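Treat the numbers as computed from the prediction; the structure is a model and nothing was measured.
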Amino acid sequence: MLPTPDTSHVPYERVYEPAEDSFLLLDTLSSPTECAFLTKRFAHPAPLVVEIGTGSGVVLGFVNAQCQTIFGQPEILTAGIDMNAYACRATVATVRKAAADERASTSSGTGTYLGSSMADLTSCFRPGAVDVLIFNPPYVPTSEMPARPAAFAEEVPAAAAADPSFDDDSYLLALSYAGGADGMETTDRLLPDLGRILSARGCAYVLLCAQNKPDLVKAKVPEQLGQGWRAETVGSSGKTAGWEKLQVVRIWNEAAQ
């Protein structure tokens with residue numbers, strides 16, 4: 001079993017704590033089927049792997065540290081995006097520690113981590129730049145999207161400054177789970193943009209829950225992105241009353257090799 005990155009340094013009062021959805025992504029990305037797919041598709045040149053909404057950095061840290069298993073090579077580039085400055089800072093620490101732990105315990109190389117940035121979805125990447133996109137979105141259906149507090153400060157305050165307010169902390173956590181109508185308001189902004197942001201060989205791994213209507217989401221992908229694009233469930237957390245509770249959907253252009 002591959003080790004899960006240590007996230008004991010993460011301030012969980014304002015950063016999403018790794019949970020079932022995070023671990024499903026780890027299991028899916030390191031499954032034999034996905035390792036074979038990724039190894040074949042990204043043999044050369046080195047792929048750029050980007051996680052949107054890194055939270056604690058547990059997923060990105062895992063992929064960066066375990067790239068020899070997942071991609072069959074250590075020559076990968078990784079980067080993270082989050083709207084939460086605390087999450088960006090936590091991800092930097094998680095990825096670096098996971099890589100150091102992996103190098104100390106094995107002879108395998110690790111990926112090259114480029115860092116994490118504050119941004120809205122893929123807004124900071126040029127078209128065609130991303131080879132593998134990983135997205136654990138805010139997928140819980142809510143009556144409304146999180147409202148930013150009036151005095152909210154985007155940047156992490158200086159060490160001597162007062163801690164963020166309860167409202168600020170609540171807002172930061174809500175960003176990680178509150179998905180609006182059908183839990184899809186953020187995901188619906190990303191999916192139509194995949195054809196622009198992904199490289200010709202690129203693919204995306206998107207996590208969905210049953211309330212997101214994943215079958216409908218998958219059926220709409222060819223309509224949104226065009227001929228050759230496919231969406232397939234490649235990981236799930238089991239079923240309740242016939243419904244798969246959580247799914248990881250891989251989206252890729254089958255015509256591009």
Side-chain angles (χ1 to χ4, degrees), residues 5-26 50-62 79-96 115-125 133-193 197 204-213 217 245-246 248:
D6 177 17
T7 58
S8 59
H9 54 277
V10 178
Y12 291 134
E13 66 273 17
R14 53 189 67 101
V15 175
Y16 184 70
E17 184 172 0
E20 181 183 14
D21 47 8
S22 312
F23 301 130
L24 177 59
L25 278 167
L26 304 192
V50 174
E51 184 182 8
I52 305 297
T54 56
S56 67
V58 68
V59 175
L60 191 63
F62 179 83
I81 299 294
D82 206 295
M83 292 183 68
N84 180 343
Y86 292 93
C88 290
R89 176 176 287 183
T91 296
V92 171
T94 301
V95 175
R96 288 177 176 171
S116 290
S117 302
M118 286 183 65
D120 180 26
L121 298 179
T122 59
S123 59
C124 64
F125 287 96
L133 186 146
I134 303 168
F135 189 37
N136 183 0
Y139 57 77
V140 177
T142 54
S143 59
E144 57 187 11
M145 296 295 284
R148 178 181 297 190
F152 178 76
E154 290 188 347
E155 300 295 331
V156 175
D163 288 338
S165 68
F166 174 80
D167 286 345
D168 286 357
D169 283 347
S170 297
Y171 169 69
L172 290 172
L173 286 178
L175 288 175
S176 68
Y177 70 81
D182 293 328
M184 285 294 294
E185 290 193 31
T186 301
T187 306
D188 278 341
R189 291 174 51 220
L190 175 74
L191 293 180
D193 198 40
I197 196 64
Y205 290 90
V206 181
L207 189 136
L208 301 171
C209 73
Q211 291 93 331
N212 301 151
K213 305 175 183 176
V217 173
K245 294 184 292 183
L246 294 173
V248 176

#### Entry: Counterpart residues, side-chain hydrogen bond (donor to acceptor under 3.5 Å, both in side chains), relative to S8 (two or more places apart)
D6
#### Entry: Partner of D82 under side chain to side chain contact (heavy atoms under 4.5 Å, CB included), chosen from T54, I52, V15
T54
### Query
Looking only at heavy atoms, which two atoms of Q211 and P141 are closest? And how far apart?
CB-CG, 3.7 Å
#### Entry: Which residues share a side-chain hydrogen bond (donor to acceptor under 3.5 Å, both in side chains) with S56, sequence neighbours left out
none
### Task
List in chain and number order the residues that pass side-chain hydrogen bond (donor to acceptor under 3.5 Å, both in side chains) with T186, two or more places apart in sequence or in another chain; answer none if no residue qualifies.
none
### Summary
All heavy atoms of V217 vs all of N212, minimum pair found to be CG2-O, 3.5 Å
### Task
Indicate the atoms forming the closest heavy-atom contact of T91 with G55, along with that distance.
OG1-O, 3.1 Å
#### Entry: Where E20 and K245 come nearest, the two heavy atoms and their spacing
OE2-NZ, 4.2 Å
### Message
Suppose we screen for side-chain hydrogen bond (donor to acceptor under 3.5 Å, both in side chains). Which residues come up paired with D120, at least two apart in sequence or across chains?
### Response
R189
#### Entry: Minimum-distance pair of heavy atoms, taken over all atoms of T94 and P5
CG2-CB, 3.9 Å
### Query
In chain order, what residues pass the side-chain contact (heavy atoms from CB on, under 4.5 Å) check against Y12, with sequence neighbours excluded?
T7, V10, E17, P18
### Message
Nearest 0.5 Å, please: how far is CZ in F62 from CD in E51?
### Response
12.0 Å
### Shortest non-hydrogen separation from F125 to A79 and the atoms involved
CZ-CB, 4.4 Å
### Query
Quick one: do the D193 and T122 side chains pair a donor with an acceptor below 3.5 Å?
yes
N/O donor to acceptor pairs below 3.5 angstrom from side-chain atoms of residues 173-185, sequence neighbours left out:
unit_1, atom_1, unit_2, atom_2, d
S176, OG, L173, O, 2.5
E185, OE2, A181, N, 3.0

### Message
Would you compute the distance between atom CD1 of I197 and atom SG of C124 and round it to the nearest 0.5 angstrom?
### Response
8.0 Å
### Message
Nearest 0.5 Å, please: how far is CD1 in I81 from CZ in F135?
### Response
11.5 Å
### Query
Side chains of L25 and N136: does their closest heavy-atom pair fall under 4.5 Å?
yes
### Query
Of all residues at least two apart in sequence or in a different chain, which pass the salt bridge (Lys or Arg N to Asp or Glu O under 4.0 Å) check with D21?
none
